[in-house]
Protein chains: 2
Amino acid sequence: MASIKDVAAAAGVSVATVSRVLNSHPSVSPDARARVLGAVDSLGYRPNAVARSLRTAQTRTLGLVISDVLNPYFTELARSVEEEARALGYSVIIGNADEQPDIQDHHVRTLVDRRIDGLLVSPTDGGSPLMLEAARAGTPMVFVDRWIPGVDVPVVRSDGRAAVRDLVAHLHALGHRRLAIIAGPAATTTGSERVEAFREALAAYGISLPDAYIGQGDFQADSGRRATERFLALSEPPEVVFAADNLMALGALDAIRAAGLRVPHDIGLAAFDDIPWFVHTDPPVTAIAQPTKELGRAAVRALIDRIEGRPPQSVTLPARLVVRRSCGETKSPAPAPADTPTATTSTRRNP
Amino acid sequence: MASIKDVAAAAGVSVATVSRVLNSHPSVSPDARARVLGAVDSLGYRPNAVARSLRTAQTRTLGLVISDVLNPYFTELARSVEEEARALGYSVIIGNADEQPDIQDHHVRTLVDRRIDGLLVSPTDGGSPLMLEAARAGTPMVFVDRWIPGVDVPVVRSDGRAAVRDLVAHLHALGHRRLAIIAGPAATTTGSERVEAFREALAAYGISLPDAYIGQGDFQADSGRRATERFLALSEPPEVVFAADNLMALGALDAIRAAGLRVPHDIGLAAFDDIPWFVHTDPPVTAIAQPTKELGRAAVRALIDRIEGRPPQSVTLPARLVVRRSCGETKSPAPAPADTPTATTSTRRNP
DNA sequence: CACCGTCATGGAATCGATTACACGGAGAAT
DNA sequence: ATTCTCCGTGTAATCGATTCCATGACGGTG
């Protein structure tokens, strides 16, 4: 592969001049520029990004470590991250942790070894020493969706509290009182927050959330299936199951079907994270939708702010309830979902 | 960030010795090794992969350019590619083309600029000059799923011909005779092949495939919706619609529902590419399943063979029919799907 | 005409690793 | 005792770019 030296030789100039032409430095004569450009495309020369990165100490690359690519929510997030990054002149390397802390660490390590300019993370756990170390060592970093409390890193996420209240209001209006939740791992913020938001919303109606109605899941379909089986085996099973992510809802649907029951007739189902398929399931699933695309864009912008020396901002965007048929038919219209979502931004790093 | 020089200074040896320790070169004294290792972890030293790549002219990184990350088929493919690559000591950089040739070119260009060791591509179109040039210039390359005829690059893909025959037999047994297909772009192999396989299978039953029954799609949900609307507007609409990928099937489902019709009562639906959600749609969708995971692994192995100088093999794995309820209830059992899938491999590059 | 500032250009250092080569010392072979 | 090997180690070149500094030409000004 042709190097800058070959171009210099072919154009009859020095490598310095070639470099100037390629980086559009002002002081190059039109004649030299023309000869260099000619040589460049007759040789099919492409600058070596590896060498350039070594010299300039920047790679114009962002790392994105997500918990599970197979989860459509994260896929969409990854896509919007890449899109925004590309628009701003950066590439993205995606690492899929598959909800496993050691794989997550593997990706963080290789990304840092490659000297990516910044790291976007949706942590699988409460924070491995490696990641905390990377943050402390000054790797520009931003958390998306999930975050680690007590670490000085900006967070871009969505607040589901209001939407969960809307959901509970909806369920209450339909006459449901025995409400259960399938939670995510307690070590993740989204795992614990969603349970808390649910518990608070229930309390407003004087409904309690007994331990038997809290299923312990891990954001994967299988765990949703097992938790649901356990609910169904109770002497007094819940009337509605709320899954803290879309894959566990899928598992719940499996379990309900396997038990020969029907949604919503025998039991209701709702999910956190809306996805296109929920429109087409039997029945369509009521879900809480995050502004995924905006989240991805905001995260990239925050990270690039941090990289380029501007003060990064934590961002919290509201989620909203999308009512469908999986919790029962509503006679009267459901409570209007918040339809004027307003972003709240703060300069505090950790909201 | 600490460099190899800092480690050398801290350990009281030369950089050469440090390098030898890190690359487990045999001739280093136990004493020196211990001092180096001590310095490495007291400094938290991590080798700079950029510098190493520049010197060794290899990045231990593979590029994967896929047509659409949001398509669950490609997501799964990407995941298995990354998994296998990681097991073999390589990283993967994913580029999402979103079915747009210019974005595809953008990714090919940046990946080549980064001097990735090899490229896995599922081309969006018939082959841009850039990609053909890269192949000819000797970038190790393997096509997955889709390929470009006439280019000397190994292909790892799945053959759906037999499964399509099974599907048509199934539909015929259910009494359906007016069968339509929503095709992908003719510029992609999977776009044209699936139509051809369908046409041939129909011919075996003396059924023809009129132009009005061929919808032109682009592998996106919207195009499936539009094609289906057009089918439904025909004076004699088809009895079954076969979508050439899962997203177009989703669009078809939308259009059918919007028209106030029911699947399979009013019209049947089948899809190429099986995904977990098809079990839960209303009704569950009959689909042709590719061995996606195996495809990804085989592609990585072929590419690494090529990179490491072994002769790479093209691989073709069979797809199989998964019968569900979206084409009508079967009284008698459907024809047995091929349940002993056998791989065919060849040393010819382009099958 | 002398001087100075500006501009185009090239030489060479540099980034952080790997590795060929040279060298000194210890132990084996004669 | 002398020579030969082999081993551990260091010096320095190298990969392909960017960029500081020096240089020479040229034009304008006093």
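Model, not experiment: these values are computed from the prediction.
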J.: Asp6(A) has an atom CG; how far is it from atom P of dC15(D), in whole Å?
T.: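 One finds 11 Å between P of dC15(D) and CG of Asp6(A), rounded.
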
J.: Please check: side-chain N/O of Asn71(B) versus main-chain N/O of Tyr73(B), any donor-acceptor pairing under 3.5 Å?
T.: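 Side chain of Asn71(B) to backbone of Tyr73(B), a donor-acceptor pair under 3.5 Å: yes, one is there.
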
J.: Quick one: does Met1(A)'s side chain get under 4.5 Å of Asn48(A)'s, heavy atoms only?
T.: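 Sidechains of Asn48(A) and Met1(A): no contact.
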
J.: Could you pull out all residues at least two apart from Arg60(A) that satisfy side chain to side chain donor-acceptor pair (under 3.5 Å)?
T.: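 So Arg60(A) forms no side chain to side chain donor-acceptor pair (under 3.5 Å) with any residue.
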
J.: Kindly say if Arg52(B) contacts the phosphate of dT18(C), meaning a side-chain N or O under 4.0 Å from OP1 or OP2.
T.: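 It does, given that an N or O in the side chain of Arg52(B) lies less than 4.0 Å from OP1 or OP2 of dT18(C).
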
J.: Taking side chain to side chain donor-acceptor pair (under 3.5 Å) as the definition, give me every residue that meets it alongside Gln220(A), ordered by chain and number, with sequence neighbours left out.
T.: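 Counting only residues at least two positions away or on another chain, Gln220(A) forms a side chain to side chain donor-acceptor pair (under 3.5 Å) with Asp68(A).
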
J.: Could you tell me which residues satisfy salt bridge (Lys or Arg N to Asp or Glu O under 4.0 Å) with Arg86(A), sequence neighbours excluded, listed by chain and number?
T.: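 By the salt bridge (Lys or Arg N to Asp or Glu O under 4.0 Å) rule, Arg86(A) matches Glu82(A).
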
J.: Would you say Thr17(B) places a side-chain N or O within less than 4.0 Å of OP1 or OP2 belonging to dG10(D)?
T.: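 Yes.
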
J.: Heavy atoms within less than 4.0 Å of DNA chain C: which residues of residues 107-116 of chain A have one? Give them sorted by number.
T.: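 Going residue by residue through residues 107-116 of chain A, none turns out to have a heavy atom under 4.0 Å of DNA chain C.
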
J.: A side-chain contact here means heavy atoms from C-beta on lying under 4.5 Å apart; do Met131(A) and Ile148(A) qualify?
T.: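 Yes - at least one pair of side-chain heavy atoms lies under 4.5 Å apart.
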
J.: Salt bridge between Asp31(B) and Arg35(B), side-chain N to carboxylate O under 4.0 Å?
T.: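 Judged by the 4.0 Å cut-off on N to carboxylate O distance, Asp31(B) and Arg35(B) do form a salt bridge.
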
J.: Between Lys5(A) and Ser19(A), name the one whose nearest nucleotide on DNA chain D is closer to the 5' end.
T.: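 Upstream on the strand: Lys5(A).
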
J.: Ser14(B) side chain N/O closer than 4.0 Å to the phosphate oxygens (OP1, OP2) of dT9(D)?
T.: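 For dT9(D), OP1/OP2 do not have a side-chain N/O of Ser14(B) under 4.0 Å.
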
J.: Is Leu70(B) close to Thr75(A) at the side-chain level, that is, under 4.5 Å between some pair of heavy atoms?
T.: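 A side-chain contact exists here, since the closest heavy-atom pair is under 4.5 Å.
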
J.: Rounded to the Å, how far apart are Arg55(A) CZ and dT19(D) P?
T.: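 To the nearest whole Å, that distance equals 6 Å.
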
J.: If you look at every strand shown and take non-hydrogen atoms under 4.0 Å, does Val13(B) touch a base, only sugar-phosphate, or nothing?
T.: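 It contacts sugar-phosphate atoms only.
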
J.: Please give, in whole Å, the distance from dT19(C) P to Ile4(B) CD1?
T.: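 Result: 11 Å.
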
J.: Dump the pairs, protein N or O against N or O of nucleotides 21-23 of chain D, anything under 3.5 Å, distances to one decimal.
T.:
none

J.: How close or far is atom P of dT18(C) from atom CZ of Arg60(B), stated in whole angstroms?
T.: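 About 13 Å, once rounded to whole Å.
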
J.: Please check if any side-chain donor atom of Arg115(B) sits under 3.5 Å from a side-chain acceptor atom of Ser53(B), or the reverse.
T.: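 Note: Arg115(B) and Ser53(B) side chains miss the donor-acceptor criterion.
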
J.: Scan residues 21-35 of chain A against DNA chain C and write down, sorted by residue number, each residue with any heavy atom closer than 4.0 Å; if none is found, say none.
T.: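 Here the set is Ser27(A), Val28(A), Ser29(A), Ala32(A).
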
J.: Answer yes or no: is there a side-chain heavy-atom contact under 4.5 Å between Thr189(B) and Phe143(B)?
T.: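 Not touching, per the 4.5 Å side-chain cut-off.
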
J.: Contact between Thr61(B) and Arg114(B) at the side-chain level, heavy atoms closer than 4.5 Å - yes or no?
T.: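 When only atoms from C-beta onward are counted, Arg114(B) and Thr61(B) do not touch, as no gap falls below 4.5 Å.
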
J.: Just the rounded figure in Å: distance from P of dC15(C) to CG of Leu54(A).
T.: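 After rounding, the gap between these two atoms is 9 Å.
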
